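Read through the structure below, which is laid out as structure tokens, and then see the notes.
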Amino acid sequence: MPIHLLPQPAPSVPAQAGSGVDSRGADAYGPATDEEPFTVRFAGLRLVHAALRRDLARLPNALRLLQPDEEDKGEALLRHWTFMTAMLTCHHEQQDTRIWPIVRRFAPELRLLLNWLEADHHNLDHSFTRVTTLVRIASRDTGSAWPVAYAMEDLAARLETHLRIEERQLLPRMDRVVTDSSRLGGLGELLDLLRSADGPGTADALAWLLDGVDPAQVERLLAECDDDVARNWPHWQATYQRCTAPLWGPTGGGATDGSLGSLVD
């Protein structure tokens with residue numbers, strides 16, 4: 001059954017040498033239309049990383065501030081955590097089944113690193129499952145909110161190590177072996193995977209991924225999507241902001257480290 005962020009009607013390791021990412025160049029998703037073309041390589045991967053960091057920075061405090069009489073807010077918090085975990089699972093599936101096999105073929109020197117990352121995906125998935133059980137309890141019993149919030153923060157630190165390894169050791173090498181025209185690791189590929197895997201809905205996933213991203217970059221990223229997605233985006237964004245406002249305010253809390261304003265390191 002699809003996992004939705006918003007309420008729905010029923011039923012319904014070894015270091016690897018590599019160069020940095022070149023953020024300027026030909027548009028990876030089609031002919032350039034601006035005088036200064038701009039490319040976000042592997043935008044699907046980078047967006048998931050940024051969204052995970054954003055939510056893992058603000059969810060613990062939202063849980064700590066939860067009051068005993070705020071049942072609706074507790075349900076919204078649990079729903080958001082469950083959705084985020086589902087997106088992480090789909091992200092790992094995209095990497096393990098679609099991206100890593102191609103990288104292994106064209107960059108065999110990365111096989112040990114990829115093996116470690118894949119094993120760590122399984123460990124992370126199990127860790128998130130355990131914390132989800134705790135969040136479910138804390139969303140109904142605020143007396144346990146603080147220790148569960150600390151568990152969230154410990155898991156965030158654990159995940160951050162994994163994300164940094166991917167970004168610093170793997171993505172630079174992928175940039176050298178994956179052609180600019182490839183959809184590998186892109187936003188379009190991620191949305192296709194979510195549809196085929198009966199995962200989180202496109203509207204929910206896109207609004208979650210693009211929360212806090214610079215509007216100019218949003219326009220470029222939407223150009224990778226089909227016309228239906230681009231046409232419905234303003235409505236999806238407004239609905240997402242309205243439904244998540246009770247958790248952290250109408251502005252979404254903002255990025256705490258600037259990582260959402262730009263997807264390029």
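It should be emphasised that the depicted structure is a prediction, and the values quoted were computed from it without experimental measurement.
Environment of CG in Asp69: crowded, with over 12 heavy atoms of neighbouring residues, nucleotides or ligands closer than 6.0 Å.
Contact check on Asp226 versus Arg195 returns a salt bridge, with a Lys/Arg side-chain nitrogen under 4.0 Å from an Asp/Glu carboxylate oxygen. Look at Glu75 and Arg136 and you find no salt bridge, because none of the NZ, NE, NH1 or NH2 atoms lies under 4.0 Å from a carboxylate O. Between Asp120 and Arg158 there is a salt bridge, since a side-chain N of the basic residue sits under 4.0 Å from a carboxylate O of the acidic one. Looking at Glu167 and Arg53, a side-chain N of the basic residue comes within less than 4.0 Å of a carboxylate O on the acidic one, giving a salt bridge.
Ile102 and Val177 fall within the same hydrophobic cluster, defined by Ile, Leu, Val, Met, Phe, Trp and Tyr side-chain heavy atoms under 4.5 Å apart, directly or through other members.
The distance from atom CD of Gln237 to atom CG of Asn232, rounded to the nearest 0.5 Å, is 13.0 Å. Between the OG atom in Ser139 and the CD atom in Glu70 there is a gap of 12.5 Å [rounded to 0.5 Å].
Of all heavy-atom pairs spanning Arg105 and Pro108, the tightest one is O-CD, 4.0 Å. For the residue pair Leu66 and Thr142, the shortest heavy atom distance occurs at O-CG2, 3.5 Å. Contact between Pro246 and Lys73 at its shortest, heavy atoms only, is O-CE, 3.4 Å. Contact detail for Pro234 and Arg231: the closest heavy-atom pair is CD-O, 3.6 Å.
Using modelled atom types, one finds a donor on one side chain and an acceptor on the other under 3.5 Å when comparing Arg130 with Ser127. Side chain to side chain, His91 and His121 fail the donor-acceptor criterion of an N or O pair below 3.5 Å. Counted by atom type alone, Glu166 and Gln95 present one or more donor-acceptor pairs between their side chains at under 3.5 Å. For the residue pair Asp211 and Tyr240, a side-chain donor N or O sits within less than 3.5 Å of a side-chain acceptor on the partner. Side-chain contact check for Trp100 and Asp96: at least one donor-acceptor pair (N or O, by modelled atom type) lies under 3.5 Å.
A cation-pi arrangement is present between Arg64 and Tyr150, with the terminal nitrogen or guanidinium carbon under 6.0 Å from the aromatic centre and inside a 45° cone about the axis. Taking the ring axis of Trp208 as reference, the NZ or CZ atom of Arg54 stays within 45° of it and closer than 6.0 Å to the ring centre.
A 4.5 Å side-chain heavy-atom check between Leu187 and Cys225 finds at least one atom pair inside the cut-off. The side-chain heavy atoms of Val103 and Arg111, taken from C-beta on, include no pair separated by under 4.5 Å. Here the side chains of Val148 and Ile137 are not in contact, with every heavy-atom distance at 4.5 Å or above. At least one side-chain heavy atom of Trp116 sits less than 4.5 Å from a side-chain heavy atom of His162. The side-chain heavy atoms of Thr202 and Leu194, taken from C-beta on, include no pair separated by under 4.5 Å.
Aromatic pair His92/His122: centroids not less than 6.0 angstrom apart. Checked against a 6.0 Å centroid threshold, the rings of His80 and Trp248 count as neighbours.
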Does Thr89 form a side chain to side chain contact (heavy atoms under 4.5 Å, CB included) with Glu93? I'd like the steps, not just the answer. CA-CA 6 Å; Thr89 300; Glu93 180 181 348; 5.6 Å; no
When you look at Glu160 and Leu56, which way does the side chain to side chain contact (heavy atoms under 4.5 Å, CB included) test go after all the steps? CA-CA 10 Å; Glu160 179 63 26; Leu56 287 170; over 6 Å; no
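Side chain of Gln94 to main chain of Cys90: no donor-acceptor pair is present (N/O by atom type, distance under 3.5 Å, no hydrogens or angles).
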